[in-house]
K.L.:
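Let me begin by handing over the structure; questions about it come next.
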Amino acid sequence: MTKFVEQAWAGLRVLLVLTVLTGVLYPAAVWGVSRLPGLHANAEAVDTTLVGVHREGDEWFHPRPSAATPPASGGSNKGERDADYDAVVAERRAAIAQREGVPGADVPPDAVTASASGLDPHISPTYAALQVPRVARVTGLPEQRVRELVAANTGGGFTETVNVTGLNRAVERAVRG
């Protein structure tokens, strides 16, 4: 029994030391480094466009649907052969086709398939273009101006994408004048 108690105390000491190191000292050190001059502005996630933000209302561009359930981020295990998933995609396609006033066949795949993390701020230029007439009509901005805002928030990489978070902020600024 003595050996067991010795091992239990040793395990408890290791647990306490690692808790202090990884749960207190390391986060405090990272926070402290983020406060150094020149790093502070980049350390905060305020006004970032790296995370998708869904805004309610027809005056905004809508991002991809999310498979995440707040507050966590994470996808589902459902695939294209899952009947429940097919029903969800069909329901999304019908809702988007109705909102945008187009046939269901014109709704692009990224409008109906979920982002695994729920944090992705990017949509395809096709999905953004589909939303331009509605956003222009509801906000009162000229359609050409809304297309210019989409173009300004379109970036390249392996494929071209539109940052919805940045685009909605640009729409908000344009509406305010």
Side-chain angles (χ1 to χ4, degrees), residues 31 34 40-177:
W31 179 83
S34 75
H40 180 69
N42 295 326
E44 298 298 325
V46 176
D47 291 333
T48 184
T49 58
L50 299 175
V51 176
V53 177
H54 180 77
R55 294 186 182 192
E56 296 293 328
D58 284 345
E59 66 269 35
W60 308 113
F61 283 86
H62 297 283
R64 292 180 64 188
S66 173
T69 51
S73 74
S76 74
N77 289 334
K78 297 186 177 184
E80 61 188 38
R81 293 185 179 197
D82 186 289
D84 292 338
Y85 183 69
D86 287 344
V88 167
V89 167
E91 189 177 297
R92 288 175 184 158
R93 185 177 310 282
I96 291 169
Q98 181 180 5
R99 182 182 72 213
E100 305 302 340
V102 298
D106 290 351
V107 176
D110 65 315
V112 295
T113 54
S115 164
S117 70
L119 303 175
D120 183 10
H122 299 100
I123 60 173
S124 68
T126 305
Y127 186 27
L130 182 72
Q131 298 182 66
V132 166
R134 171 185 45 83
V135 171
R137 183 181 68 252
V138 174
T139 61
L141 293 171
E143 210 171 293
Q144 182 55 37
R145 177 66 179 128
V146 177
R147 289 187 196 289
E148 290 168 2
L149 294 173
V150 169
N153 285 279
T154 301
F158 184 69
T159 59
E160 274 196 336
T161 58
V162 179
N163 186 304
V164 175
T165 303
L167 177 56
N168 281 334
R169 289 183 185 158
V171 167
E172 186 174 29
R173 285 189 301 272
V175 167
R176 277 196 249 143

K.L.:
Taking all atoms of both residues into account, what is the closest heavy-atom pair of R93 and V107, and its distance?
P.N.:
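The pair with the smallest heavy-atom distance is NH1-O, 2.9 Å.
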
K.L.:
With heavy-atom distances below 4.5 Å as the criterion, would you say the side chains of L167 and I123 are in contact?
P.N.:
no

K.L.:
If you compare all heavy atoms of L130 against all heavy atoms of P108, which two are closest, and at what distance to 0.1 Å?
P.N.:
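Closest approach of L130 to P108: CD2-CD, 3.8 Å.
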
K.L.:
Rounded to the nearest 0.5 Å, what separates atom CG in D58 from atom CZ in R137?
P.N.:
7.5 Å

K.L.:
Is the closest side-chain heavy-atom distance between P121 and V164 below 4.5 Å?
P.N.:
no

K.L.:
Charged N to carboxylate O under 4.0 angstrom, R145 versus E148?
P.N.:
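Looking at E148 together with R145, the answer is yes, because their closest N to O distance falls below 4.0 Å.
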
K.L.:
If you round to the nearest 0.5 Å, how far is CG of D110 from OG1 of T161?
P.N.:
10.0 Å

K.L.:
Check whether any side-chain heavy atom of R92 lies under 4.5 Å from a side-chain heavy atom of R64, and answer yes or no.
P.N.:
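When only atoms from C-beta onward are counted, R64 and R92 do not touch, as no gap falls below 4.5 Å.
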
K.L.:
Should Q144 and R147 be marked as a side chain to side chain donor-acceptor pair (under 3.5 Å) after you check the CA-CA gap, both sets of side-chain angles, and the distance that decides it?
P.N.:
CA-CA 5 Å; Q144 182 55 37; R147 289 187 196 289; 4.9 Å; no

K.L.:
State, with a plain yes or no, whether a side-chain heavy atom of W60 is found less than 4.5 Å away from one of Q131.
P.N.:
no

K.L.:
Should N163 and F61 count as side-chain neighbours, where that means a heavy-atom distance under 4.5 Å?
P.N.:
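Side chain of N163 against side chain of F61, heavy atoms only: no contact under 4.5 Å found.
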
K.L.:
Check H54 against H62 and note the closest heavy-atom contact, atom names and distance.
P.N.:
CE1-ND1, 3.3 Å

K.L.:
Going by heavy atoms in the side chains, are V135 and L141 under 4.5 Å from each other?
P.N.:
no

K.L.:
What is the minimum heavy-atom distance between P103 and A97, and which atoms define it?
P.N.:
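Looks like C-CB, 4.0 Å.
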
K.L.:
What's the shortest heavy-atom distance between V171 and E59, and which atoms?
P.N.:
CG1-O, 4.0 Å

K.L.:
Measure across P125 and V162 and return the closest heavy-atom pair with its distance rounded to 0.1 Å.
P.N.:
CA-CG2, 3.8 Å

